[in-house]
Amino acid sequence: MSIITLQSVKKGFGIKEILKDASFSLDVTDKVGLIGTNGSGKSTLLKMIAGLETIDSGQILVNSGSKIIYLPQQPDIDENRTVLEQVFAKSGEQMALVREYEELSDQLAHYPEDSQLMSRLSAVMQRMDSTGAWELETNAKIILTKLGIADFDVKVGTLSGGYRKRIVLATALLAEPDVLLMDEPTNHLDVLCVEWLQSYLNRYRGALFLITHDRYFLDKVTNRIMEIDRGDIYTYTGNYSYYLEKKALAEEYAVSSQRKHQGVLRRELEWLKRGPKARSTKQKARIDRVHAMRDTEFKQVQGKVDISTVSRRIGKKVIELNNISKAYDGSTLINNFTYEFSPEDRIGIIGANGVGKSTLMNIITRQVQPDSGNVEIGSTIHIGYFDQHSEDLLTALNENKRVIDYIKEEGEFLQIADGTKITASQMLERFLFPGTQQYEPIRTLSGGEKRRLFLLRLLISAPNVLILDEPTNDLDVQTLAILEEYLEDCTGCVIVVSHDRYFLDRTIDTIFAVEEGGYIKQYPGNYSVYLDYKKAEEAQRETLNTKGKSKTVTDEKVTSPETEVKKRRRLSNWEKREFEQLEGKIAQLEEEKSSVEKALVTATPENYSQVQKLYEQVESLKQVIDVATERWLELAEMDS
């Protein structure tokens, strides 16, 4: 059944067509990944479906009563609310009941004999049971914890932009809408959070329509891929791997068809030039066909970003870090780290948000001074630094500058890898900036287009040490694929900070894992190999624990901030009550599931609607039991 239907929708901004004549539908079981080059209109399409952007013509039909939630890249949020208040902002009565319960519990802790307070608390608890407030609170805390947020009472305004987006993501997931529209949900999430979100959305029963650059995520979550290509929409039934296969075949067929068409047209034109003497009806038809073939327009295969810049000589001495340390506000981010980078290094730096990855990059580039130790940079080294906020810097410094003038600052003519020189305009065309766009001010570009422009300027400066801090944020998958090929072939040292598992697997051969306390562990191989090492380490620790052997210093597992919080904090009155009720609730849910399963076994296959309904009940109960059990284990650990 379709929830959302687009019929002949058109949308444009000035001379740029976003959608020419788009028609498609979104069904209840669809998990759609939307892809396309930056500036092609992906975010605009999501906004139109969400009702936040007007359409020029056509219509968008939404089933009445369907609940749609839109998660933008830069969500609005009330900075004065606590984390839980923000998550429950749309929960009205349930949130009020939770707060009232907490207040009454605190008062009873001081006045345990007050019968009036006890009576009010009992009435609130009954209302919480009837409105489902207990489950809502439990689910909210699980989702927030999985997204790396442990302090539920901190003010949202004190958190970074990345954590604010996680809170809005938790709010959207908790609402369980019929349709979830997500614009780059994996940006600012570390690897563990991305993997959890991937698993959660695999179980999600509503429809998904999402934009993401994470190709592993696309492959695991989606069952349809939609591509926007110069105003047209193409649909592929399958995940990202299926799309790649079918897209390659479609482009090959298009090129073959065009080549065949051109061959036939050439022969027909030669016949026409010979000037046939007789003008029979048959020959007249043939002449008309030649004119029709000549007027036929073929849509060219989507242009590819072409990175072909000249390389710069690199000496033996690259960058040396000698016993560097750095701390902020008493928190150690880098602890006595020493490393000598080589010209051939391909290093990926990973770790949870806030552990010090970007700080390490800023020390390497001498933007930040270490508290101790020193950094030595070779005399031939030219560093190119692509950081997380490149597009912000580009906008702030060059908002009114034309795109082509920004590139011309590097030169009117630019040398490419084969030694030839091309104009700045030709280089921009290779980076998918057409002639009309080159003379527009930078402020008119999308966020992804700004990052692509900054990347072009960086690469044509021919760095021999390339430092990329979260390069995959807001770059389209097409640009990322070409950037990966460039990194494979370029000469020089490459250092990458990224949460993108696919990008790390393609581009690096050594992992630096930054852990709590500022310790940096080194692992040979790409990200997938690193995961194998971590699994082996975990298995070894479990074996040693089972045998009762003491751990060595190198085997000790770094305690996460969330675990530290749990160890330090005692259960609140609310959590004690929650803990006591969960065990009985889980048993009750198990009985209910068993009962429904028995009904499912005895149901007749002919009664399809009843079988489907029972099956959905079982699946729903399984998910509720998993959530409740996970929360019970979490509280049990805190209570121990």
Minimum side-chain heavy-atom gap [X]-[Y] below 4.5 Å:
| X | Y | value |
| --- | --- | --- |
| Ser40 | Asp229 | no |
| Phe217 | Arg501 | yes |
| Leu208 | Val221 | yes |
| Ile225 | Thr235 | no |
| Asp469 | Lys357 | no |
| Thr423 | Leu428 | no |
| Ile347 | Ile511 | no |
| Met427 | Ile460 | yes |

Who are the side-chain hydrogen bond (donor to acceptor under 3.5 Å, both in side chains) partners of [X], not counting sequence neighbours?
| X | value |
| --- | --- |
| Asp78 | none |
| Thr186 | Thr212 |
| Asp509 | none |

### Task
Just do the side chain to side chain contact (heavy atoms under 4.5 Å, CB included) check on Tyr236 and Met226 with the steps written out, would you?
CA-CA 6 Å; Tyr236 301 82; Met226 291 178 59; over 6 Å; no

### Message
Checking Ile4 against Val179 for the side chain to side chain contact (heavy atoms under 4.5 Å, CB included) test, could you report, in this order, the C-alpha distance in whole Å, the side-chain angles of both residues, the deciding distance, and whether it holds?
### Response
CA-CA 9 Å; Ile4 298 171; Val179 181; 4.1 Å; yes

### Query
With sequence neighbours left out, which residue pairs that include part of residues 184-197 fulfil the salt bridge (charged side-chain N to carboxylate O under 4.0 Å, His left out) condition?
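Qualifying pairs: none.
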
### salt bridge (charged side-chain N to carboxylate O under 4.0 Å, His left out) contacts touching residues 29-55 (sequence neighbours left out)
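Non-adjacent pairs meeting salt bridge (charged side-chain N to carboxylate O under 4.0 Å, His left out): Lys11-Glu53, Asp30-Arg224.
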
### Task
Just do the side chain to side chain contact (heavy atoms under 4.5 Å, CB included) check on Leu46 and Phe209 with the steps written out, would you?
CA-CA 8 Å; Leu46 252 63; Phe209 199 35; 3.8 Å; yes

Short question: side chain of [X], backbone of [Y] - any donor-acceptor pair under 3.5 Å?
| X | Y | answer |
| --- | --- | --- |
| Arg366 | Val375 | yes |
| Ser2 | Thr5 | no |
| Glu85 | Thr82 | yes |
| Asn526 | Leu504 | no |
| Arg346 | Ile495 | no |
| Ser23 | Ser8 | yes |
| Ser498 | Asp500 | yes |
| His213 | Val477 | no |
| Asn464 | Gly492 | no |

### Task
Decide yes or no on side-chain hydrogen bond (donor to acceptor under 3.5 Å, both in side chains) for Asn202 and Ser199, but give the supporting numbers first.
CA-CA 5 Å; Asn202 276 329; Ser199 175; 5.7 Å; no

### Task
May I have the step-by-step check of side-chain hydrogen bond (donor to acceptor under 3.5 Å, both in side chains) for Thr222 and Asn239, ending in yes or no?
CA-CA 5 Å; Thr222 62; Asn239 62 6; over 6 Å; no

Could you verify whether a donor N or O on one side chain and an acceptor N or O on the other, from [X] and [Y], lie under 3.5 Å apart?
| X | Y | answer |
| --- | --- | --- |
| Asp405 | Tyr439 | no |
| Asn400 | Arg443 | yes |
| Asn362 | Thr359 | no |
| Gln438 | Ser425 | yes |

What are the two closest non-hydrogen atoms of [X] and [Y], and how far apart are they?
| X | Y | value |
| --- | --- | --- |
| Tyr242 | Thr237 | CE2-O, 3.1 Å |
| Leu189 | His499 | O-ND1, 3.0 Å |
| Asp27 | Ala207 | O-CB, 3.4 Å |
| Leu333 | Val514 | O-CG1, 4.3 Å |
| Gly384 | Leu458 | CA-CD1, 3.4 Å |
| Val465 | Ile314 | CG2-CD1, 4.5 Å |

### Query
According to the side-chain hydrogen bond (donor to acceptor under 3.5 Å, both in side chains) rule, which pairs have a member within residues 56-67, sequence neighbours left out?
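As it turns out, the side-chain hydrogen bond (donor to acceptor under 3.5 Å, both in side chains) pairs with a partner in residues 56-67, which skip direct neighbours, are Gln7-Gln59.
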
I'd like to check the ring pair (Phe, Tyr, Trp, His ring centres under 6.0 Å) partners of [X]; sequence neighbours left out, ordered by chain and number.
| X | value |
| --- | --- |
| Phe512 | Phe337, Tyr339 |
| Tyr216 | Tyr502 |
| Tyr240 | Tyr243 |
| Tyr200 | Trp196 |

### Query
How would you list, by chain and number, every residue that makes a side-chain contact (heavy atoms from CB on, under 4.5 Å) with Ser43, sequence neighbours excluded?
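Partners of Ser43 under the side-chain contact (heavy atoms from CB on, under 4.5 Å) test: Gln73, Asp183, Ile211.
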
### Query
Where do Arg164 and Glu79 land on the salt bridge (charged side-chain N to carboxylate O under 4.0 Å, His left out) test, with the steps shown first?
CA-CA 9 Å; Arg164 294 183 191 191; Glu79 296 185 354; 2.9 Å; yes

### Task
For Arg506, enumerate each residue passing the salt bridge (Lys or Arg N to Asp or Glu O under 4.0 Å) test, keeping only those at least two apart in sequence or located in another chain.
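For Arg506, the residues satisfying salt bridge (Lys or Arg N to Asp or Glu O under 4.0 Å) (neighbours in sequence not counted) are Glu484, Glu488.
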
Going by an N to O cut-off under 4.0 Å, is there a salt bridge joining [X] and [Y]?
| X | Y | answer |
| --- | --- | --- |
| Lys401 | Glu409 | yes |
| Glu410 | Arg457 | yes |
| Asp21 | Lys10 | no |

### Task
Would you kindly check if the NZ (Lys) or CZ (Arg) of Lys408 is within the cone defined by 45 degrees around the ring axis of Tyr406 and under 6.0 Å from the six-membered ring centre?
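Ring-cation test returns no.
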
### Task
Take Ile49 and Leu181, measure what side chain to side chain contact (heavy atoms under 4.5 Å, CB included) needs, and give me the verdict at the end.
CA-CA 9 Å; Ile49 295 174; Leu181 309 174; 3.9 Å; yes

#### Entry: Worked verdict on Asp219 versus Ser241 for side-chain hydrogen bond (donor to acceptor under 3.5 Å, both in side chains)
CA-CA 6 Å; Asp219 215 35; Ser241 295; 2.8 Å; yes

